[in-house]
Amino acid sequence: MTTNQKKRTKAISVGRTTRRKTTEADKADRYRLYQESVQDVESEIDFVDETYTRLNGAKARLLREDFCGTANTACEWVRRRKTNVAYAIDINPEALAWGMTNNVAALTPTTKKRVHLLEGDVRYAETEPLDIVLAMNFSYWLFMEREEMLEYFTGVHGGLGDKGVFFLDAYGGYDAPRTIQETRECDGFTYEWEQAKFNPINSEMDCYIHFGFPDGSRMEKAFTYTWRLWTLPEIREMLYEAGFQRVTIYWQGWDEDGEPDGIFQPAEEAEPDAGWICYISAEK
Ligand SMILES: C[S@@+](CC[C@H](N)C(=O)[O-])C[C@H]1O[C@@H](n2cnc3c(N)ncnc32)[C@H](O)[C@@H]1O
C-alpha cells in the first residue's frame, strides 16, 4: 500500500466513525427544558400578585425580574393585566436573546411593548421606582459574601417605590447540604438535580442540572451553579440591615397525599423537613 492509499483509507474511516445518529439530547433546547422542568411562572406570579395586593390594598404595576434568564416570569407579568410593565435583567446575553426570540416574540404586539429586557449586573440596575422586585430560583445565592449580598439587597431597597415589595425564594432542610442526585420525570425527558459538592466551612456548593432522554442520550451539566447555601436567619438579618421594614417567610402546607400543597402562608415556625422551599417578602 502506498502512502497515498493509506491516507485515503484513513480519511474514509474517519468519515464513517464521525457520522453518528442524531440523538434526542442533540436536538433538545436546554432553555426550553429548563422552563418546562424548573419554572412554574403562573403559580409564582399568582403568589406575588396576591401577596402584594394583600400587603398594600392595591394592585402592583411595575415589576423587575432580577437574574431573569429567559425572562419567562416577566412575560407572565405583562400578560396578566394591560397596565402591567416588566423589566427583566440578566448578565448573560445568550439567555436574554433566547428569551427575546421565544418568550417576548410570542406576546401580542401591544403586550411586548410593556416588557423591557436589560443586559447587566443586578447590583447596578437603574429602573424607575418599582412596585415589585423578584429574585427567584435562589439566583441571589450566587453572591457568596455578606458584603456583596448586602450591596445587592440595598440596591433593591433603593430601586423600590414607597410601597415596594421585594420577593425572593429560599430552600433548605437536612438534605440541602448533602451531595445527592434527584430525578423527576417530565414530559418526554428526565430532569436531574445534582448537589455535587458542599464545603461546610464556607457553605459553598456546586449544583448541576442534567437532562436524560428516552433514547438513552443525556445532556450533562446543562446548567451549573456555584452558590452559597444561605440560611433563613442570615437572609432575614441582611434584608433588615439593607433597610426593609418587615420581612415575612411563607411556608407550604401538605395535601392529603403527604405532598407539599403549593399554598404558601406566613409562618414563624416550621417543621425541620428533609427539603423545603419557601417564599420571602421584604417590604420597603
Ligand atoms: C438560576 S438562573 C435564572 C433563574 C430564573 N430567574 C428562574 O426563575 O428560573 C440564574 C441567572 O442569573 C444570571 N446572573 C448571574 N449573576 C448575575 C448578575 N450579577 N446580574 C444579573 N444576572 C446574573 C445568570 O446569567 C442566569 O441567567
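What's counted below: heavy atoms across the whole structure, side chains too, no hydrogens, waters or symmetry copies. Just so it is clear, the model here is predicted, and its values are computed rather than measured. Numbering of ligands and ligand atoms starts at 1, following listing order.
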ask   = Which residue supplies the protein heavy atom nearest to atom 8 (O) of ligand 1, what is that atom called, and how far is it?
value = N137 ND2, 3.1 Å

message = Would Q39 count as a polar contact of ligand 1, with the cut-off being nitrogen or oxygen pairs under 3.5 Å?
response = yes

Check: D90 N/O within less than 3.5 Å of ligand 1 N/O = yes

Non-hydrogen atom of F138 closer than 4.0 Å to ligand 1 = no

Residue D121 vicinity, atoms of ligand 1 by number, heavy atom under 4.0 Å = 19 (N), 20 (N)

Ionic contact status for R228 with E204, cut-off 4.0 Å = no

request  = Could you tell me which atoms of ligand 1, counted from 1 in the order shown, lie closer than 4.0 angstrom to a heavy atom of G69?
outcome  = 27 (O)

ask   = Please state which protein non-hydrogen atom is closest to atom 2 (S) of ligand 1 and give its distance, to 0.1 Å?
value = S139 OG, 4.0 Å

message = Looking only at distances, can you tell me whether any N or O atom of V122, backbone or side chain, sits closer than 3.5 Å to an N or O atom of ligand 1?
response = yes

Within-4.5 Å side-chain heavy-atom neighbours: I89 and C68 = no

query = Can F143 be reached from M205 by stepping across I, L, V, M, F, W or Y side chains whose heavy atoms are under 4.5 Å apart?
reply = yes

remark   = If you scan protein heavy atoms around atom 3 (C) of ligand 1, the nearest is F67 O, 3.3 Å

ask   = Which value, rounded to the nearest 0.5 Å, describes the distance between C278 atom SG and D169 atom CG?
value = 7.5 Å

Heavy-atom nearest option to atom 1 (C) of ligand 1, drawn from F223, Y124, Y225, W227 = Y225

ask   = Is there at least one pair of N or O atoms, one from Y34 and one from ligand 1, spaced under 3.5 Å apart?
value = yes

note = When distances are taken from atom 22 (N) of ligand 1, the protein heavy atom at minimum range is I91 N, 3.2 Å

inquiry  = Using a 3.5 Å distance criterion without hydrogens, assess whether the side chain of T111 forms a donor-acceptor pair with backbone atoms of L107.
reply    = no

Axial cation check for F223 ring with R30, 6.0 Å and 45° limits = yes

query = Do the side chain of Y191 and the main chain of G212 share a donor and acceptor less than 3.5 angstrom apart?
reply = no

ask   = Can you tell me if G120 has a non-hydrogen atom under 4.0 Å from ligand 1?
value = yes

ask   = What atoms of ligand 1 come closer than 4.0 angstrom to any heavy atom of L142?
value = 15 (C), 16 (N)

inquiry  = Once you measure the plane-to-plane angle for F213 and F189, does it fall in the parallel (<30°), tilted (30-60°) or perpendicular (>60°) bin?
reply    = tilted

query = Is any N or O atom of D66, backbone or side chain, closer than 3.5 Å to an N or O atom of ligand 1?
reply = no

query = Do the side-chain N and O atoms of T70 and N72 include a donor-acceptor pair separated by under 3.5 angstrom?
reply = no

request  = Taking all heavy atoms of V165 and all of E283, pick out the closest pair and write down the distance.
outcome  = CG2-CG, 4.2 Å

